[in-house]
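Here is the structure we will look at.
Residue numbers count from 1 along this sequence.
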Amino acid sequence: MRAVSEQRAFGGVQGVFAHASDSCACEMTFGLYLPPQARDEKVPLLWFLSGLTCTHENAMVKAGAQALAAEQGLAVVFPDTSPRGPGVPDDPAFDLGQGAGFYVNATEAPWDAHFAMWDYVAEELPALLFRHFPLEPDLQAITGHSMGGHGALTLAMAFPDRFAAVSAFAPIAHPTASDWGRRQFRAYLGPDTAAWAPHDATLMMQDTGFPGPVLIDQGAEDRYLDLLKPEALAAAMAARRQEGTFRMQAGYDHSYFFVASFMRDHMAFHAEAMLG
C-alpha cells in the first residue's frame with residue numbers, strides 16, 4: 001500500500017491510498033478520512049459507497065463528510081466503485097464496466113477476471129484498513145449514494161452483525177425490476193435470476209430485513225425515480241415493520257448537492273448507532 005496524498009482537514013487527515021488488490025487483480029484506490037480523535041485511540045468507521053461513474057474522489061470531495069466526521073469522531077472510508085486500468089474490461093455505456101461495479105462478484109466473462117467488488121468491499125479492504133489504521137472493527141456502519149446505496153443496503157443485510165446501522169441516499173432500491181440492475185446483473189452474473197436476488201435491497205428487506213436502524217433519503221425531484229424504485233423498498237420496510245425512516249425530500253434531485261444537504265443527519269444517525 002502506498003500513500004497517494006495526505007492532507008490536513010478539520011484537525012484530522014484526509015488520505016488517498018493505492019494498493020494491489022487480489023480480489024480485483026489490479027491496483028485499487030481508496031480515500032480514508034481519520035478524525036483528530038484517531039491520534040489517541042481507535043475510532044469507529046463509516047463506509048461511504050459511491051454511485052455510477054464515481055471514483056473514490058467524488059464523495060470525498062463533494063459530500064461534506066469530513067467536518068461532520070471530525071465533530072463525531074468517526075473515520076470515513078471512500079472505496080472506488082470498480083476495478084480500473086488498461087487491462088480491465090469496460091463498456092461504452094456509463095452504467096456497465098469501469099465505474100459501475102455494482103458491488104457484486106462477476107461470474108461471467110469478460111468481467112469475472114477483475115470485477116469482484118463484493119469481495120473487495122466485504123473482505124479485502126476491511127482487512128487492509130484494520131491492519132494499517134487506528135480503526136475499531138467492532139464499530140462499523142455503512143452508507144452510500146445511488147448504486148452505492150444499493151451496495152450499502154445489500155452489504156448491511158448480508159452482514160447484520162458487522163454494521164450497527166445502514167443508510168442510503170437515493171439508492172437503486174429494486175435492481176432486479178429496473179434497467180439499473182437487470183442489464184448489469186445479466187452481464188456480471190448471468191441469466192439465472194436466482195443469483196441476482198442477494199443483491200436486491202427490496203428482496204432482501206422482504207426476506208430478512210436488518211436488525212439495526214435504517215435511514216433512507218430520496219429526492220422527490222430525482223429524474224431517476226423510475227430506475228431507483230424507492231416505493232418498492234419503502235413498501236418492503238413497512239410490511240416488515242423494519243426499524244427505520246424513509247424520507248421523500250421535496251425539491252431535491254440526485255446530485256451531490258442533495259447528498260451534502262442531508263449528510264449531517266446521516267453522520268449523526270451513524271454516530272448515535274455506533275457510540276450512543
Handout entry: Sub-6.0 Å ring centroid separation between Phe133 and Phe17
Key =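 That pair passes the under 6.0 Å test.
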Handout entry: Aromatic ring proximity His19/Tyr120, centre distance under 6.0 Å
Key =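 Centroid distance His19-Tyr120: below 6.0 Å, so yes.
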For the residue pair [X] and [Y], categorise the inter-ring angle as parallel (less than 30°), tilted (30 to 60°) or perpendicular (more than 60°).
| X | Y | value |
| --- | --- | --- |
| Trp118 | His199 | perpendicular |
| Phe258 | Tyr252 | tilted |
| His150 | Phe102 | tilted |

Exercise for the section: Identify the two heavy atoms, one from Met28 and one from Ser21, that lie closest to each other, and give their separation to 0.1 Å. Expected result: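 Answer, listing the atom of Met28 first, then Ser21: CG-CB, 3.5 Å.
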Practice task
Taking all heavy atoms of Glu136 and all of Lys42, pick out the closest pair and write down the distance.
Solution key: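 That closest heavy-atom pairing would be N-CB, 4.0 Å.
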Show me, pair by pair, the donor-acceptor contacts under 3.5 angstrom made by side chains of residues 156-172, not counting sequence neighbours?
{"unit_1": "Arg162", "atom_1": "NH1", "unit_2": "Ala122", "atom_2": "O", "d": "2.6"}
{"unit_1": "Arg162", "atom_1": "NH2", "unit_2": "Ala122", "atom_2": "O", "d": "3.4"}
{"unit_1": "Ser167", "atom_1": "OG", "unit_2": "Thr143", "atom_2": "OG1", "d": "2.7"}
{"unit_1": "Ser167", "atom_1": "OG", "unit_2": "His266", "atom_2": "ND1", "d": "2.8"}
{"unit_1": "Ser167", "atom_1": "OG", "unit_2": "His270", "atom_2": "NE2", "d": "2.8"}

Practice task
Quick one: which residue pairs count as a salt bridge (charged side-chain N to carboxylate O under 4.0 Å, His left out) with a foot in residues 54-83, not counting sequence neighbours?
Solution key: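 Matches after skipping sequence neighbours: Glu71-Arg264, Asp80-Arg84.
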Answer yes or no: is there a donor N or O on one side and an acceptor on the other, between the side chain of [X] and the main chain of [Y], under 3.5 Å?
| X | Y | answer |
| --- | --- | --- |
| Ser82 | Gly101 | no |
| Trp196 | Gly190 | yes |
| Asp90 | Gln98 | yes |

Exercise for the section: List the steps, then state whether side chain to side chain contact (heavy atoms under 4.5 Å, CB included) holds for Arg2 with Glu27. Expected result: CA-CA 11 Å; Arg2 61 186 175 88; Glu27 185 173 77; 3.1 Å; yes
Practice task
Verify side chain to side chain contact (heavy atoms under 4.5 Å, CB included) between Arg183 and Leu96, making sure each step is shown before the conclusion.
Solution key: CA-CA 8 Å; Arg183 176 171 177 267; Leu96 187 68; 3.7 Å; yes
Practice task
Compute whether any side-chain donor of one residue and acceptor of the other, for Asp200 and Thr176, lie under 3.5 angstrom apart.
Solution key: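 Yes, side-chain donor-acceptor contact under 3.5 Å.
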Practice task
Return yes when atom CZ of Phe94 has more than 12 non-hydrogen atoms of other residues, nucleotides or ligands closer than 6.0 Å, and no otherwise.
Solution key: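 Result for CZ/Phe94: enclosed.
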